[in-house]
> 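Below is one structure. I have some questions about it.
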Amino acid sequence: MDSRFDFESSRAEISALWNSVNIANPDIVRTLSYSALAYSEQMRNVNQSSKVQKNSHRITSPRLEPYVLVLPPPNLTGILHMGHGLNCTVQDSIIRFNRMLGREVLWLPGTDHAGIATQQKVEAELKSKHKTKEALGRTAFWEYTKQFAEKNKDTILMQFEMLGASFDLGRYSFTLDEKRAQAVFHCFKTLYDRGLIYKGNYLVNWSPGAGTALSDDEVEYKEVQGHLYYINYQLVPPSALNVTSQQDRIHKTDIAQNIKNETKVRHIQIATTRPETLLGDTAVAVHPEDPRYVDFVEQGYSVRIPVCGRIVPLIADARVSQEFGTGAVKVTPAHDKNDYALGIAHELAFMSVIDEHACMQGDIPNEYRGLSVGEARSKIIEVLEQEGHLVCTKPHVHQVGHCHRTGTVVQFLLSEQWYVRMHDMAQKALQAWKRGDIVFYPQTWEKTFEHWLTHVRDWCISRQLWWGHRIPVWYHRETGEAIVSISDPSDKKGLEKNSYVQDKNVLDTWFSSWLWPLSTIGWPQHTKEFIKYYPNTSLVTAYDIIFFWVARMIMAGIEFTGLVPFKHIYLHGLVRDAQGRKMSKSLGNGIDPIELIHEIGPDALRFTLVYMCAQGRDVLISKDSFQLGTKFVTKVWNASRFVLASCENVLGGSGEIMEYKEVLKSKHLKLVDRWIVGELQDCARVVERAMSQYRVDEAAHEVYKFFWNSFCDWYIEFSKFYIQVEDDFNKDRADKTSKPKTSKAATDGTRIQSSATVLLVVLQQSLRLLHPFIPFVTEKIYQLLQDRFPFDSDIRHVLAAEAYPHIDHPDTFCHDITNIVLPHFSTGDNTQKKTETREMSKSREATEISELQELISELRRVRSELQLPKKLKLDVCFVELKDNVSIYKHKDLIEFLALIKLLDSENRECQSIKVVGSFFEARVYITNDDYDFSAQTQLIRSRLSKLHEQEKSLSKQLSNPQFTQKAKPEYREKIRLQYETLVETTKKLASILDSVE
RNA sequence: GGGCGAAUAGCUCAGCUGGUAGAGCGCCUGCCUUACACGCAGGAUGUCGGGGGUUCAAGUCCCUCUUCGCCCACCA
């Protein structure tokens, strides 16, 4: 075995192993132990699930519901980015964890056709080939795009496999496939029949870049440094107007003469950021109480628009702010949201002067027709300046809507579109949330969710695209009658074919995505799958699509089934670079997950992401961040390598392992064995609690700490003593010391073997603990472990299908190669008394092990601080040992790990220094070196000053009567004990200082 | 304008229900100790953004101010 895990060569092999047992398919009964060969016989009928489960060894418990999760379908526009990497990793960790808990797990994958984004990409591709979609025609374009999507789908699924995603590919869904199309149609028809879908001519957000209308949510407002142009509009007194022309005074330019005849030409000044829209102005509005303009309004003045000379009314409306600009606003009802509302209220004319390409059009002076909005703006400013209408220009920062897909500035146009009425659905969703049917993790998002639903507006669902679900509405060629139908209704109506023509537009992509939890499991049919898996357990996604997707899914779920689509929503953060910027191609700060997998492996990538995914926070990473995962995976690999090699050495190969079932009785287990098992179980418990709260980062932290600090730093080091006892070190010591001591372990073969076996078991269990996060390396080791020490003679166990170590499943803890019953943790007996004894003995042992660790650390510290060479064995003698002789039980272990020799009596012949701990005072002899004691004095001094400070604060606290009266007794006692220990330690240290000086 | 969040070691961040501050990286010292130098053993480092309050006790709860993010809405 190499000292680095060769993930490149193992990845495919392990994926193949998982595939061979179809790990992701919930329809297969998994006995705890898989037989790859026999797996096909385990296919079961869903109907018989309960029966089969009962007979299987699987730890599936009836009290556990199935765990159901749908993958947020990635867009088929390209390849996966780091955000997908995070999303996938988090879900897979949750899924693997729940699978190992014995739940029936369904994780359903799929992809999204992403209407606008995909069509954009394809059109760009066509453009580079000097083609257009129009030249291709709708059918050919569709086929072309389909192929494009198909190609990306293959890449994306391969990438998911590289990440280790254990979703059920057999249930792969695509938002645009036949089944999903059925669901979309059913949805449309139902909503239409319920009166929740309507068509109308309204002001829409129009993306000139994508050539389609957008929903409000697809518009991104960005701050833009623009200008505020102050323009004089000429005031026209009613006398100048021909009374009979009041009705159609717009376009009347022949009254210009009348105006000229007025002696005093007066102006009203307006302010605008979009002067080009003045061509579409059909009024000027002021506040009804604005003293500057109130007279003009009352007297029925009109206004003459510069450039085009049109006369429009001066209107009064309370929505106009007196404070902003000049208090007078030009009104362009066809191209501005607020003006649209004014236009409706005052029955103004709607003049469309901007077309769908953001070019000027309509009833405007010829020289402007066809100019782009930008060109028109420049030209109009020029003309206004020449004609003296432009008063001034001021810089102005304002928010401008941009198409969130193409980035082009959104225009507001009048257009006929389809809409979904949202209000009632939103109310139902709010009620469900208030009832607690749905819970957000972290909960902070609930307010955002509530706010959006409370203020939701109708959803524009039609898109002027070709790639998507065609709107299932057919219009009669002559009568215009509209029929909702998936295909030409002519036949059904007994009419000639092609009597109807289908709506040209397609539906918003989200109109299929919002059905995702429904459509992927059979809806609108009430299939068994649907009944079993709906509602899903949870949804795991990034917070940026809470409106687009999450809120809408909830509404759809409730609208169509009366139930929320999932119970938990875990919203994780976005992946950003180390400076907190979004990863993007233009910034060049992106990290390609697949490239990185080739570099560091999937486990290192996964572990880092999960470790850093703190709730409610974005994940800021640079390439350096991944060291964390890389190092951890290597550590796991090497520790396992050591365990395997050592155990092979001690146990001598695979055949013998079976005998150890007998050997491993509790009486052979040592303190350190029980300790590490306890640590492992504690860790598993914390992981379970963390995972149930979607605190994946915390779970990762815990397993990291357990594996590295407890298992590697302590337990493996302990075990080296028990299994490597007959090495040179001990021989050396035996030669040197007057009283040679053969280790107990060395003389007791059974004990070595049991130690090795426990080591194997703990490793095996640790692998299970780690597997949800780093599946590849752990699975690889699990297989290697079985190569040498098969758990069962005929069955090859797959780690991904093993049981998670769990305190509540004692039988699952040490199964297979061991069946050892661990005295403290066996739960066979639950009587109160026994529990107490167990707890007491657990705490006594906990003290023992922490004292052992403290002593070893202190002795190591002395060596390190005094810079004594490692090879120098130090003699140590206890001067004082606080009511604890049990430490002597571990004499050999201490000597081994601290590289010392414990003497029975004080040796006064050479120099020595004292070491003080919380429960001991010892003398360390420095035999064969001259040693400068001043260094030690220095160290003691600095330590003393710290202790004194602590002592002071504790004593202050203890002498406070308030504290003694009010603090919790347990805490008071704790502080008192702490203080006593501190005083004692300080005393000892002080006396050492005295003796040295 | 409304909402949410963040300010903790040089850097990036943990710190769940109040009990006397942690990790990784970086830094210093010593080690290539036959699992691992992507390592081991030690070590240093913090007025927990400022101010006030509640409490025996506040990084943690409340108020307030400052700075910085994000989301939503928007006065043209």
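Sequence lines set the chain letters: A, B, ... in the order given, protein chains first and strands last, and positions in each chain run from 1.
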> Could you please name the option among B:rG3, B:rA76, B:rA37 that lies closest to any side-chain atom of A:Lys447?
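Side chain of A:Lys447 sits closest to B:rG3.
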> A cation-pi test, strictly: NZ or CZ of A:Arg552 under 6.0 Å from the centre of the six-membered ring of A:Trp459 and no more than 45 degrees from its axis. Yes or no?
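The answer is yes; both the distance and angle limits are met.
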> For RNA chain B, which consecutive runs of 3 or more Watson-Crick or G-U pairs (each distance under 3.5 Å) count as stems?
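RNA chain B stems, ordered by first number: B:1-7 with B:66-72, B:10-13 with B:22-25, B:27-31 with B:39-43, B:49-53 with B:61-65.
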> Determine the contact category for A:Tyr611: base if any of its heavy atoms lies under 4.0 Å from a base atom, sugar-phosphate if only primed atoms, P, OP1 or OP2 are that close, otherwise nothing.
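Sugar-phosphate: the residue A:Tyr611, judged by heavy atoms under 4.0 Å, touches backbone atoms but no base.
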> Here's a test for you: under side chain to side chain donor-acceptor pair (under 3.5 Å), which of A:Asp281, A:Asp336, A:Thr282, A:Asp339 qualifies with A:Lys330?
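Only match with A:Lys330 under side chain to side chain donor-acceptor pair (under 3.5 Å): A:Asp281.
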> Suppose you measure atom P in B:rU34 against the same atom in B:rA41; what distance do you get, rounded to whole Å?
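Each nucleotide's P atom is 15 Å from the other's.
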> State whether the distance check finds a donor on one side and an acceptor on the other, under 3.5 Å, for side chain A:Lys635 versus base B:rC36.
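Donor-acceptor pair under 3.5 Å: yes.
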> Does B:rG15 have OP1 or OP2 under 4.0 Å away from a side-chain N or O of A:Arg695?
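It does, given that an N or O in the side chain of A:Arg695 lies less than 4.0 Å from OP1 or OP2 of B:rG15.
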> Do A:Lys394 and A:Tyr230 form a cation-pi contact, if we require the NZ or CZ to be under 6.0 Å from the six-membered ring centre and within 45 degrees of the ring's axis?
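Relative to the ring axis of A:Tyr230, which defines the angle, A:Lys394 lies inside both limits.
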> Whether the A:Asp618 and A:Tyr543 side chains hold a donor-acceptor pair (N or O, under 3.5 Å, no angle test) is what I'd like checked.
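Note: A:Asp618 and A:Tyr543 side chains meet the donor-acceptor criterion.
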> Produce the list of close N/O pairs, under 3.5 Å, pairing protein atoms with atoms of nucleotides 69-73 of chain B; give distances to one decimal.
residue: B:rA73; atom: OP1; partner: A:Arg457; partner atom: NH2; Å: 3.0

> Please determine, for the side chain of A:Thr630, which listed nucleotide (B:rC56, B:rC38, B:rA35) has the closest atom?
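For the A:Thr630 side chain, the nearest candidate turns out to be B:rC38.
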> Does a nitrogen or oxygen in the side chain of A:Lys631 sit under 4.0 Å from OP1 or OP2 of B:rA37?
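Result: no.
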> Has A:Lys720 got its NZ or CZ under 6.0 Å from the middle of the six-membered ring of A:Phe642, at an angle within 45 degrees of the ring axis?
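Verdict for A:Phe642: a cation-pi partner in A:Lys720.
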> Would you mind classifying the nucleic acid contact of A:Thr272 as base, sugar-phosphate or nothing, using non-hydrogen atoms under 4.0 angstrom?
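Sugar-phosphate contact only - A:Thr272 comes under 4.0 Å of backbone atoms but never of a base.
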> Work out which heavy atom in A:Ile591 is nearest to a heavy atom in A:Ile621; give both atom names and the distance.
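Where A:Ile591 meets A:Ile621 most closely, the heavy atoms are CD1-O, 4.4 Å.
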> Can you identify which nucleotide, out of B:rG19, B:rU12, B:rC4, has its nearest atom closest to the A:Met612 side chain?
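The listed nucleotide nearest to A:Met612's side chain is B:rU12.
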> Say we look at B:rG24 and B:rC38: how far apart would their C1' atoms be, to the nearest angstrom?
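Roughly 13 Å separates the two C1' atoms.
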> Base, sugar-phosphate, or nothing: which does A:Thr273 touch, judged by heavy atoms less than 4.0 Å apart?
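Counting heavy atoms under 4.0 Å across all strands, the contact made by A:Thr273 is with sugar-phosphate only.
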> Using atom C1' of each nucleotide, how far apart are B:rC72 and B:rU54 to the nearest Å?
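My reading of the C1' atoms in B:rC72 and B:rU54 gives 35 Å.
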> Which pairs, protein N/O on one side and nucleotides 41-45 of chain B N/O on the other, fall under 3.5 Å?
residue: B:rG42; atom: O2'; partner: A:Ser864; partner atom: OG; Å: 3.2
residue: B:rA44; atom: OP1; partner: A:Lys946; partner atom: NZ; Å: 3.1

> Mind running side-chain contact (heavy atoms from CB on, under 4.5 Å) on A:Val643 and A:Phe711 for me, showing each step along the way?
CA-CA 11 Å; A:Val643 172; A:Phe711 183 63; 4.3 Å; yes
> For A:Leu628 and for A:Ala967, locate the closest nucleotide of RNA chain B by heavy-atom distance; then report the residue assigned to the nucleotide nearer the 5' terminus.
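In this pair, the answer is A:Leu628.
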> Heavy atoms from C-beta onward define the side chain here; which of B:rC25, B:rA76, B:rC40 lies closest to that of A:Trp708?
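Of all the options, the side chain of A:Trp708 is nearest to B:rC40.
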> In whole Å, measure the gap between the P atoms of B:rA73 and B:rA57 for me.
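Approximately 47 Å lies between the P atom of B:rA73 and that of B:rA57.
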> Give one of base, sugar-phosphate or nothing for A:His396, where a contact means two heavy atoms less than 4.0 Å apart.
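Here A:His396 touches the backbone only, sparing every base.
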> Does B:rG30 have OP1 or OP2 under 4.0 Å away from a side-chain N or O of A:Arg863?
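Result: no.
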